[in-house]
Number of protein chains: 2
Amino acid sequence: MDKQLINYLQLFRPITIADGNIIAGYFKPQVFKEGDFLFEGDKVAREMFFVCKGVVRIGTVNDKGTEVTHIFYNENHLCSILQSFNDEVHTASFIQACCDTEVLSISKSKLLELYQQLPYLKELIDQLNQLNLIRKVNTRNAYLGEDAETQYRIFTMQHPDIALRVPLKDIASYLGITPQSLSRIRKNIK
Amino acid sequence: MDKQLINYLQLFRPITIADGNIIAGYFKPQVFKEGDFLFEGDKVAREMFFVCKGVVRIGTVNDKGTEVTHIFYNENHLCSILQSFNDEVHTASFIQACCDTEVLSISKSKLLELYQQLPYLKELIDQLNQLNLIRKVNTRNAYLGEDAETQYRIFTMQHPDIALRVPLKDIASYLGITPQSLSRIRKNIK
DNA sequence: AATACTGCTTAACAAATGGTAAAAAAGCTT
DNA sequence: AAGCTTTTTTACCATTTGTTAAGCAGTATT
């Protein structure tokens, strides 16, 4: 699992074996079953996760009491509630496993320690977070002005693996429609 | 106008008068009338703008030929098509003035020169871009799973000044609904 | 194996939104 | 001021989506 993280980082910057071992030492493997919460919300998010296997989602409950999914993260993605993690402010968002999931986790305090040992890592992680944010924005922009069926088609194109692995209700909450509507849409498409 | 930019940067990091003058020397004031394009799209976006007065929007034309608005920027915001600007890739997005607008602009090559003179600026601008992205994501997340009327209410709460200054059709394209629907919603609210 | 629980599907109806068209209003140009 | 263009409003009808309710299928629990 550690290797997977290092391989991922290597895509953006060469990392020596020695440094790779240091980094690996700071991350802790964790396993979650479908439906488990990696982070429950309504507090400061002090953990950053790297998804090794499975899919997680960041979501929240809106004013009407319905769950909405902001984003999914599958394998080889860093996942955190960025604003809360950076600024140490409370967040209403949660992180939940959408299927059986394995992650590497690191607390903010440990991450800061790690930055002290390997200062270039801060720059790297910042860069990765920016890439993540841009991708998130672009993905959402693609849905703008499309009807629900088109949005679902776009989703299955952009995230075919996620579409197959996560519950229908999570996808519906990601698209902002009811599970019934999504079920109907799937039927129409077939 | 230069002063406005320096004041903005000062919010995040102290800047000496000397450095402020250097920075100001790199930015070029430009004026656009409502409807004018700051950037037309279908090429690499090589300019970054700072909005001093007015409102601009980043938008694109989707597959059905309808315009969609990704985001608005009003006064005291850095505005660029980040992925295109950073990675020098083509973008289909455009930047348009939604009302009479004054900006400061800087080309990427000039910005890189400036970074060489004042290395801390890169870190600062990166930080501001990250803040912008997070805000953009959070703003959009707030609309998820809400009906059109609620989305419009949220929009007018979050951006009361923008709501008053930009054409109805632009707001409709931001919310992903037709101008007719938005007109109807406004009538219902009154 | 029987029971409950959860998520998915289906259906009928209600509500919201889109499409089309036309009129009214506002802005520009001459 | 008159004429032109664009934006906004209004209205009517079609389509999409939400709501409610029920049944079904799979999974877990006892």
Side-chain angles (χ1 to χ4, degrees), chain A residues 32-37 54-55 57 59 61-69 72 96-101 143-156 162-190, chain B residues 31-37 54-55 57 59 61-69 72 94 96-101 143-156 162-190:
Chain A
F32 296 93
K33 277 191 290 194
E34 176 175 340
D36 286 353
F37 287 90
V55 182
R57 67 182 182 119
V61 178
N62 73 8
D63 46 313
K64 292 184 206 134
T66 53
E67 273 190 9
V68 296
T69 295
F72 294 104
Q96 187 184 32
C98 301
C99 53
D100 294 353
T101 295
Y143 298 124
L144 281 177
E146 305 289 353
D147 61 22
E149 179 173 325
T150 308
Q151 288 191 29
Y152 179 65
R153 286 182 190 276
I154 293 172
F155 177 76
T156 56
I162 296 178
L164 291 173
R165 283 190 286 173
V166 313
L168 172 142
K169 70 186 165 73
D170 289 345
I171 298 174
S173 81
Y174 177 77
L175 299 178
I177 60 177
T178 60
Q180 292 90 329
S181 287
L182 182 51
S183 182
R184 177 164 42 195
I185 286 167
R186 278 188 172 171
K187 189 178 164 191
N188 288 343
I189 286 179
K190 275 189 309 201
Chain B
V31 176
F32 296 92
K33 277 191 290 194
E34 176 175 342
D36 286 353
F37 287 89
V55 182
R57 69 185 181 115
V61 178
N62 74 6
D63 46 313
K64 292 183 208 136
T66 54
E67 273 189 8
V68 296
T69 295
F72 294 104
F94 58 77
Q96 186 184 33
C98 301
C99 54
D100 293 354
T101 294
Y143 298 125
L144 281 176
E146 304 289 353
D147 61 22
E149 180 174 325
T150 308
Q151 289 192 28
Y152 178 65
R153 286 182 191 276
I154 293 172
F155 178 76
T156 56
I162 296 177
L164 291 173
R165 282 190 286 173
V166 314
L168 173 142
K169 70 187 164 73
D170 289 344
I171 299 174
S173 82
Y174 178 76
L175 299 178
I177 60 177
T178 60
Q180 291 90 330
S181 288
L182 182 51
S183 182
R184 176 167 42 197
I185 286 167
R186 278 188 172 172
K187 189 177 162 191
N188 287 344
I189 286 179
K190 274 188 311 201

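Proteins come first, then strands; the chains are lettered A, B, ... in the order of their sequence lines, and each starts at number 1. Please read these numbers as outputs of a predicted model, since none were measured by experiment.
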Legend entry - Separation of C/dT17 P from B/Tyr152 OH (nearest whole Å): 14 Å
Inset, instruction - Take atom CG of A/Leu144 and atom C1' of C/dG18, then tell me their distance rounded to the nearest Å. - result: 17 Å
Inset, instruction - Please state how far atom NZ in B/Lys64 lies from atom C1' in C/dT17, giving the value in whole angstrom units. - result: 12 Å
Inset, instruction - Answer yes or no: does atom NZ of B/Lys64 have more than 12 heavy-atom neighbours from other residues, nucleotides or ligands under 6.0 Å? - result: yes
Inset, instruction - Have a look at B/Gly176 and say if it touches a base, only the backbone sugar-phosphate, or nothing, with a 4.0 Å heavy-atom cut-off. - result: sugar-phosphate
Inset, instruction - Measure across A/Gly145 and B/Asn62 and return the closest heavy-atom pair with its distance rounded to 0.1 Å. - result: O-ND2, 4.1 Å
Inset, instruction - Mind checking B/Gly145 for me? I need base, sugar-phosphate or nothing, with any heavy atom below 4.0 Å counting as a touch. - result: nothing
Legend entry - Span of DNA chain D, from the first to the last nucleotide whose atoms fall under 4.0 Å of chain B heavy atoms: D/dT7 to D/dA11
Inset, instruction - Using atom types as modelled and distance alone, determine if a side-chain donor or acceptor of B/Thr150 lies under 3.5 Å from a backbone N or O of B/Ala148. - result: no
Inset, instruction - Take A/Glu146 and A/Gln180, find for each the nucleotide of DNA chain D with the closest heavy atom, and name the residue whose nucleotide sits nearer the 5' end. - result: A/Glu146
Inset, instruction - For side-chain contact (heavy atoms from CB on, under 4.5 Å), just list the numbers for A/Tyr152 and A/Ile189, CA-CA rounded to whole Å, side-chain angles, deciding distance to a tenth of an Å, and then say yes or no. - result: CA-CA 10 Å; A/Tyr152 179 65; A/Ile189 286 179; 3.7 Å; yes
Inset, instruction - Please report, rounded to the nearest Å, how far the C1' atom of C/dC5 is from the NZ atom of A/Lys169. - result: 13 Å
Legend entry - Trace of the side-chain contact (heavy atoms from CB on, under 4.5 Å) decision for B/Ile177 with B/Gln151: CA-CA 10 Å; B/Ile177 60 177; B/Gln151 289 192 28; over 6 Å; no
Legend entry - Mutual orientation of the aromatic rings belonging to B/Phe72 and B/Phe155 [parallel < 30°, tilted 30-60°, perpendicular > 60°]: tilted
Legend entry - Any donor-acceptor N/O pair, A/Asp100 side chain to A/Glu34 backbone, under 3.5 Å: yes
Inset, instruction - Residues of residues 181-190 of chain B with any non-hydrogen atom less than 4.0 angstrom from an atom of DNA chain D: list those, numerically ordered, please. - result: B/Ser183, B/Lys187
Inset, instruction - Round to the nearest Å and state the distance from B/Lys33 atom NZ to C/dG27 atom P. - result: 15 Å
Inset, instruction - Please test B/Asp63 against A/Glu146 for side-chain contact (heavy atoms from CB on, under 4.5 Å), starting from the C-alpha separation and ending with a verdict. - result: CA-CA 9 Å; B/Asp63 46 313; A/Glu146 305 289 353; 2.6 Å; yes
Inset, instruction - Provide the closest heavy-atom pair for A/Ala97 versus A/Lys33 in the form atom of the first, atom of the second, distance. - result: CB-O, 3.6 Å
Legend entry - Separation of atom CD1 in A/Ile177 from atom C1' in C/dC8, rounded to whole Å: 14 Å
